[in-house]
Amino acid sequence: MNSKQKGSESISKTMIKYDKKGLKKEVLIDLYKSMLKPRLIEEKMLILLRQGKISKWFSGIGQEAISVGVTKAMQKEEYILPMHRNLGVFTTREIPLYRLFSQWQGKANGFTKGRDRSFHFGTQEYNIVGMISHLGPQLGVADGIALGSKLKNNNQVTAVFTGEGGTSEGDFHEALNVASVWQLPVMFCVENNGYGLSTPTSEQYNCKDIADRALGYGMESHIIDGNNIIEVYKKVSKLAESIRKKPRPVLLEFKTFRMRGHEEASGTKYVPQDLMDTWAKKDPLENFQAFLKDEGLLDEATEVKFKEAIVHEISENLQMAFDEDVIFPDSSEELNDVYQGNVYEEVKPNSEVAELRLVDAISEGLKQSMERHDDLIIMGQDVAEYGGVFKITDGFVEQFGKDRVRNTPICESAIIEAGMGLSISGIKSVVELQFSDFVTSGFNPVVNYLAKSHYRWNQNADVVLRMPCGAGVAAGPFHSQTNEAWFTKTPGLKVVYPAFPYDAKGLLATAINDPNPVLFFEHKALYRSIRQDVPTDYFTLPLGKASILRTGNDITVIAYGAAVHWALATLDKHVNIKADVIDLRSLQPLDTEAIYASVKKTGKAIILQEDSLFGGIASDISALIMENCFEHLDAPVKRVASMETPIPFINQLEDQYLSRDKFEGELLNLLEY
Ligand SMILES: Cc1ncc(C[n+]2csc(CCOP(=O)(O)OP(=O)(O)O)c2C)c(N)n1
Ligand SMILES: [Mg+2]
């Protein structure tokens, strides 16, 4: 057979039409080898899986052209946010294989110290940010990274992956919308592989192409044959180049197919055989190999040589991972890694003071932090020209500009995720929740992304969430909650809750300096009712230190937020009662030392909380006192909290609901015990 005949025979077997124009042989061969590597790794993994040597496996077989083509089109310093089927991203970024194998076996040379599995990790070394299980959140994180690039003017583009299944999540809509409104340099890469677990696309969405959705966001989109490596590489390279020059988001829909089960154990029984057969013929690797052979760019001997080299690399690296010791649990290391350690930097208050309301103190503190941190970004609904609904950021846009004081669409998830992305690119942010109640619409990224990133892969979330909260303003069930307990129980978050202007100013400065995620609660009823002399310059106060407002030997009163003022007002009516009054100021970290020292002195403790009782912080403080001060107690610890109902609207009901008026009776009872 002459070469021409051989060529035409192979082309007839090639189901994919390649256009290699403009690509040198070395590039084509490199693309081929880059697809071959994840394929061979996977083949090995399937064997190991059957032998029980690795846990779950999500196969990307048949989808390699997308991972490889996109990664090859990107520059090394540009961030990629891959999913569970994107092994080719990791290998193309040249992560040493033994590190990947260690990661999958939960060993120390992996990226998560055995704390998270499979592809659930990121690495700043390789500019990869891995997924969290919830799929959608990384789309908003990509927005934040891209915003970082745009603000730094570094001409970088960010690529983020999702399956078509993930596009039904709200995060997808929010992230695309924000990216378009802010013209962020993001490539949203949707791998449409026909199924989300067992659910076919026909039961997932009701439009022809997912790419069509871009129009609704005012965004450009492209449909790309995800099995054609040349098409992926050429189109994405061209787009990336153009986005670097002119930042903007694009939506890319890669048509492909999932050739194996959702994960290996689950099989593919529900996939019609003819679909499997059709797509098997479009295998991205086999087709490209045939094409390269047809074109005389690859011969059998070279092909075998490539394979042997990769197989050798795999075995060598696997051995290294197998030889590595298993991780020995060390509880102090586990606990230490939940938060990024930071040295508190004390900035002492100046002596000049001005009388400020709580709202002014927060505003002044925030403004001075903006002056101190050139790259601190504020994001929130109506925070720019309008100044925020409570006017905390009034005048900020004039002083700091629209880049740093950013109005957002109504999309708490995407903005909190964007805060995470900014942090990944080394930029601090403060996100204003219009009301703390609305954090529920961004709950997932708070408790799953911000809270867990440092523990999982050593990536801090340098984000402060400002949470205007609390009752007493007749605002009903959705504008009155004090929802700190949703967060105090989540390791990885810090929770600050000041009651006075002085504390609020100093603690906000520290919260912003802290590299960890901090929820900063601001009680709305205190905003304009509480005044205090506050130092005029920037100063800091440490987190985790309570403030002892009054001292006395009769009883320990513990409170925070508005409840501090309720307790003080009650004690003012009973000047004969000598109480230690502890204003916690921060709930996580909690100043247990101050609590124990006081209770050991007084022998009685009462905790006043604005939130409803069950599962609140008062319950934990009560338990801690029982466990640590039992022998010093002269009476059971008393918790006083609001009713176990949602917060009602009208004053009479709200007054009945709140713990405020119950405190006096309970205090007197306990003193008499
Ligand atoms: C919020 C959430 N819901 C459900 C799941 C369970 N789950 C994991 S992957 C997956 C299917 C994802 O489909 P798709 O986005 O198309 O990606 P593919 O697996 O097809 O690559 C499902 C349902 C999850 N991880 N997170
Ligand atoms: Mg899918």
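What you see is a predicted model; the values in this text were computed from it and never measured. Note that ligands are numbered from 1 as they come in the structure, with each ligand's atoms numbered from 1 the same way.
Donor-acceptor pairing under 3.5 Å is lacking for the side chains of Q156 and Y79. At a cut-off of 3.5 Å, with distance as the only test, a side-chain donor of T112 or Q103 sits close to an acceptor on the other residue.
Under 4.0 Å is where a charged nitrogen must lie from a carboxylate oxygen, and between R115 and E334 at least one such pair does.
Take the N/O/S atoms of E164: the one nearest the Mg ion (ligand 2) is OE1.
Between Y217 and F172, the ring planes lie perpendicular to each other; the angle is over 60°, past the 30° to 60° tilted range.
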Does ligand 1 have any N/O atom under 3.5 Å from a protein N/O, and what are those pairs and their distances?
{"unit_1": "ligand 1", "atom_1": "15 (O)", "unit_2": "G165", "atom_2": "N", "d": "3.1"}
{"unit_1": "ligand 1", "atom_1": "15 (O)", "unit_2": "G166", "atom_2": "N", "d": "2.9"}
{"unit_1": "ligand 1", "atom_1": "16 (O)", "unit_2": "E164", "atom_2": "N", "d": "3.4"}
{"unit_1": "ligand 1", "atom_1": "16 (O)", "unit_2": "E164", "atom_2": "OE1", "d": "3.0"}
{"unit_1": "ligand 1", "atom_1": "16 (O)", "unit_2": "E164", "atom_2": "OE2", "d": "3.1"}
{"unit_1": "ligand 1", "atom_1": "16 (O)", "unit_2": "G165", "atom_2": "N", "d": "2.8"}
{"unit_1": "ligand 1", "atom_1": "16 (O)", "unit_2": "Y195", "atom_2": "O", "d": "3.3"}
{"unit_1": "ligand 1", "atom_1": "19 (O)", "unit_2": "H84", "atom_2": "NE2", "d": "2.8"}
{"unit_1": "ligand 1", "atom_1": "19 (O)", "unit_2": "R85", "atom_2": "NE", "d": "3.3"}
{"unit_1": "ligand 1", "atom_1": "19 (O)", "unit_2": "R85", "atom_2": "NH2", "d": "2.7"}
{"unit_1": "ligand 1", "atom_1": "20 (O)", "unit_2": "N193", "atom_2": "OD1", "d": "3.0"}
{"unit_1": "ligand 1", "atom_1": "20 (O)", "unit_2": "N193", "atom_2": "ND2", "d": "2.9"}
{"unit_1": "ligand 1", "atom_1": "20 (O)", "unit_2": "Y195", "atom_2": "O", "d": "2.8"}
{"unit_1": "ligand 1", "atom_1": "21 (O)", "unit_2": "R85", "atom_2": "NE", "d": "2.8"}
{"unit_1": "ligand 1", "atom_1": "21 (O)", "unit_2": "N193", "atom_2": "ND2", "d": "3.3"}
{"unit_1": "ligand 1", "atom_1": "25 (N)", "unit_2": "S133", "atom_2": "O", "d": "2.7"}
{"unit_1": "ligand 1", "atom_1": "26 (N)", "unit_2": "S133", "atom_2": "O", "d": "3.4"}

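Within the structure, side-chain hydrogen bond (donor to acceptor under 3.5 Å, both in side chains) contacts touching residues 35-48 (residues at least two apart or in different chains) are K37-E313, R39-E64, R39-D283, E42-W57, E42-S59.
In this structure, R213 satisfies the cation-pi test against Y205, with its NZ or CZ atom closer than 6.0 Å to the six-membered ring centre and inside 45 degrees of the ring normal.
Centred on the Mg ion (ligand 2), the OD1 atom of N193 and the O atom of Y195 lie at an angle of 90°, reported to 10°.
Enclosure of atom CG in L197 by more than 12 non-hydrogen atoms of other residues, nucleotides or ligands within 6.0 angstrom is indicated.
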